[in-house]
Novice: 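One structure is given below, represented as C-alpha cells, and several questions about it will come after.
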Amino acid sequence: MNLNPHQLDQDGYDVRGFSHGLYIGGTWRQSSDGRLIDVVDPSSGAVIAAVPDATLEDATAAVEAAAKAARGWRETAPRKRSEILRRCFELMVERSETLAMLISLENGKALRDARGEVAYAAEFFRWNAEEAVRITGEFGTAPSGTNRIMVDYEPIGICVLITPWNFPAAMATRKIAPALAAGCTVILKPASETPLTAYALAALYSEAGVPAGVVNVLTTTNPGPLTSAMLADPRVRKLSFTGSTGVGRTLLAEAAKNVISCSMELGGNAPFVVFDDADLEAALDGAMIAKMRNAGEACTAANRLYVQSGIHDAFADGLRKRMAALRVGAGTNADTECGPMITKRAVDKIDRLVNDAVSRGAKVLCGGSTLEGEGFFYPPTVLADVPPDAAMAHEEIFGPVAPITRFEAEAEAIAHANDTEYGLAAYIYTRDVGRGMRVASRIEAGMIGLNRGLMSDPAAPFGGVKQSGLGREGGQHHGIAEFMEAKYIAVTF
Ligand code: NAD
C-alpha cells in the first residue's frame with residue numbers, strides 16, 4: 001500500500017479503495033470550506049494523505065443525518081440489527097490485513113500490534129451482535145401491591161463519540177457497536193492523527209448494511225467548538241469520550257450545560273506489582289505485554305513497575321535483556337516490534353520524563369535517550385531505582401519506558417499503587433492466589449490483571465475509577481446500558 005499526499009478526488013472517495021471524505025448521511029464529501037488536514041506517517045514524518053477538516057456547518061449536517069436515520073434504526077428489529085453487526089464483524093475479519101496495514105501506517109504501531117487491534121476491534125461487533133437480541137426489561141409488583149412496575153430500556157438518542165489516536169479501530173468500534181445494538185445513531189469524531197482507519201471502517205459499515213445516517217464520521221482540527229455545537233442540539237443525548245483526563249474534564253463541563261449523559265474513558269497510570277513468589281518468566285512475559293503493546297501508547301500500559309526486593313534484580317535484568325532486544329522500526333515493516341511514537345511532541349514528553357527521573361537518581365539499564373534520524377522514535381528503555389517523586393510516577397509516559405521501583409512489604413506496594421489520581425488498570429504477579437485477591441481488592445482500579453499482562457476483552461467491563469473515567473465499555477450488559485435509558489411504566493390492571 002502506498003498512500004499519496006492529498007489523494008482525495010472530487011467525490012471525496014480515494015481511488016485506491018480507501019474512503020476518506022467526511023462521511024455524512026451515507027455520502028462522502030469535502031468539508032464545507034474545502035480545508036484539509038494532513039495525515040503524517042510517524043515513522044518518517046512524511047505527509048501520506050489529507051482528509052477534510054470539518055466545519056460547524058458539517059457538524060450540523062452530521063447531526064441532521066443522525067436525526068433523520070434515528071427513527072428507522074430504533075424501529076429496526078433487534079434480529080436485523082444483530083445481523084448487520086455480525087456482518088460488520090465478518091467484513092472486518094476478511095479485511096483484517098489491509099486494515100492492520102492502514103493502522104500501522106497512520107499510527108505507527110508494529111503490524112503485529114495492529115493485527116491484534118483489528119481482531120479486538122472486530123470482536124466488539126461480534127459481541128454486540130450477540131447482545132443486540134438479548135436486551136431485556138424488568139417486571140414486578142410494587143411493594144405496596146397497588147400496581148406493577150414495568151421497566152423498558154430504550155435507545156438514549158443521538159450519540160457523539162470521540163476517540164483517540166492510539167487505537168484508531170478499537171476505540172471506535174467499542175462505542176459504535178454497542179450504540180448501534182442499543183438502537184442509537186451516532187456521529188464519530190476520530191482523532192485527526194489517525195482518521196484513515198475510521199473512514200475505511202465507515203465504508204465497511206455501509207457495505208454491511210448499516211443504513212445511511214446511522215453512523216456519521218467527521219474529522220476536524222477544531223474539536224472544541226464543533227463538539228459544543230453538537231451537544232447544544234437537544235436531539236443529541238449522549239457523549240462517549242475516550243482520551244486524556246484533561247479533555248475529559250472540559251467535555252464533562254460542556255455536557256453539563258445541556259445535561260447530556262456522559263461515558264468517559266480517560267487516562268491511566270497502571271502499577272505493575274511483582275511479589276517475590278511470582279513466576280519470574282510469567283511476570284516478564286506479562287510485563288512485556290503490559291508495557292510494550294503499542295510501544296507503550298496504551299491507557300492500560302504498565303506505567304510503574306513495583307518489584308519486591310527478593311526478585312528485584314532477576315526481574316530487572318530479565319526485563320533489560322528483553323527490552324534491549326526489541327527491533328525498533330517503522331510499524332509497517334514485518335519484523336518491527338516497537339514502532340515510532342505518534343508525534344515529535346510525544347517523544348519530547350518521554351524524553352523530559354526520563355531526564356527528570358535520572359536527575360532524581362534513577363539508573364538507566366537500557367535505552368534512555370532519543371534516537372537520531374527521521375521519524376518519531378524512542379528506544380525501549382528500562383530504568384531502576386525510580387523514586388516516588390519522579391514525574392513519571394504520576395504522569396502517563398505513553399511510551400516504551402519501564403520504570404522499576406523496589407519495595408519490601410505488601411502494604412508498601414499497595415500504597416505505591418494507589419498513590420495516583422488515576423485508577424484504570426493494575427497488574428499483580430504472585431503465586432499466592434489469596435494474596436493476589438487481597439491486593440486486587442485494595443488497589444483502586446477499574447480493572448486488575450492477576451498474573452496476566454492483558455485484560456481487554458469485549459465480554460468484560462472496561463473502564464476506570466478516580467480520574468480515569470465514568471462508565472464502562474463492553475461487558476455483558478454494561479457497554480450497551482451506557483446507550484440506553486430506563487423507562488418505568490406504573491401499571492394497574
Ligand atoms: P486527547 O484527549 O488529546 O484526544 C482525544 C480525542 O479528543 C481526539 O479525538 C481529539 O481530537 C479530541 N479532542 C481534543 N480536544 C477536544 C475538545 N476540546 N473537545 C472535543 N474533543 C477534543 O487524547 P489523545 O492524546 O488522543 O489520546 C491519549 C489519551 O487517551 C491518553 O490519556 C490515554 O490514556 C487515553 N485513552 C484512554 C482509554 C481508556 O479506555 N480509558 C483508551 C485509549 C486512550
Side-chain angles (χ1 to χ4, degrees), residues 37 42 51 53-54 56 59 106-107 109 117 120-121 124 160-175 187-195 197-198 217-232 236 239-255 260 262-270 293-303 341-343 345-346 349 394-399 420-425 445-447 455-458 460-475 478-479 482:
I37 310 171
V51 297
D53 192 353
L56 283 173
E106 65 175 351
N107 167 281
K109 69 177 71 177
E117 180 183 346
Y120 176 53
F124 284 101
V160 171
L161 315 176
I162 302 180
T163 51
W165 48 263
N166 67 337
F167 288 92
M171 296 304 96
T173 62
R174 199 163 79 177
K175 297 185 190 303
I187 300 141
L188 172 72
K189 196 219 75 65
S192 45
E193 293 87 348
T194 55
T197 306
V217 185
L218 47 84
T219 36
T220 180
T221 53
N222 194 23
L226 261 71
T227 304
S228 301
M230 290 192 282
L231 297 185
V236 172
L239 170 63
S240 179
F241 171 76
T242 299
S244 60
T245 296
V247 173
R249 285 191 191 111
T250 304
L251 288 173
L252 279 166
E254 199 55 34
I260 303 270
C262 288
S263 299
M264 293 275 148
E265 295 288 348
L266 308 178
N269 181 5
R293 195 162 62 111
N294 284 358
E297 291 180 318
C299 53
T300 51
N303 207 57
M341 304 295 96
I342 190 74
T343 53
R345 197 154 64 93
K349 177 189 176 186
H394 305 281
E395 280 181 53
E396 277 185 300
I397 303 169
F398 242 58
T420 171
E421 62 172 357
Y422 296 107
L424 188 62
M447 299 175 285
M455 75 267 287
S456 302
D457 187 329
F462 189 106
V465 300
K466 294 159 75 174
Q467 303 294 304
S468 287
L470 298 168
R472 294 292 181 270
E473 293 189 320
H478 308 79
E482 303 273 329

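Positions are given from 1, in the same order as the sequence printed here. In each ligand, atom 1 is the first atom listed, and ligand 1 is the first ligand listed.
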Novice: Could you state the interatomic distance from CZ (Arg174) to OG (Ser456), rounded to the nearest 0.5 Å?
Specialist: 7.0 Å
Novice: Hey, are Arg345 and Glu193 close enough for a salt bridge, meaning a charged N less than 4.0 Å from a carboxylate O?
Specialist: no
Novice: Could you grab the distance from atom OG of Ser240 to atom CG of Leu470, nearest 0.5 Å is fine?
Specialist: 11.0 Å
Novice: Quick one: NZ on Lys466 to CG on Leu424, what's the gap to the nearest 0.5 Å?
Specialist: 11.5 Å
Novice: So, Arg472 side chain and Gly464 main chain: donor-acceptor pair closer than 3.5 Å or not?
Specialist: yes
Novice: Enumerate the protein residues lying less than 4.0 Å from ligand 1, judged by heavy-atom distances, in chain and residue-number order.
Specialist: Ile162, Thr163, Pro164, Trp165, Asn166, Met171, Arg174, Lys189, Pro190, Ala191, Pro223, Gly224, Thr227, Phe241, Thr242, Gly243, Ser244, Val247, Leu251, Glu265, Leu266, Gly267, Gly268, Cys299, Glu396, Phe398, Leu424, Phe462
Novice: Please confirm whether the backbone N or O of Asn303 pairs with a side-chain atom of Asn269, one donor and one acceptor, at under 3.5 Å?
Specialist: no
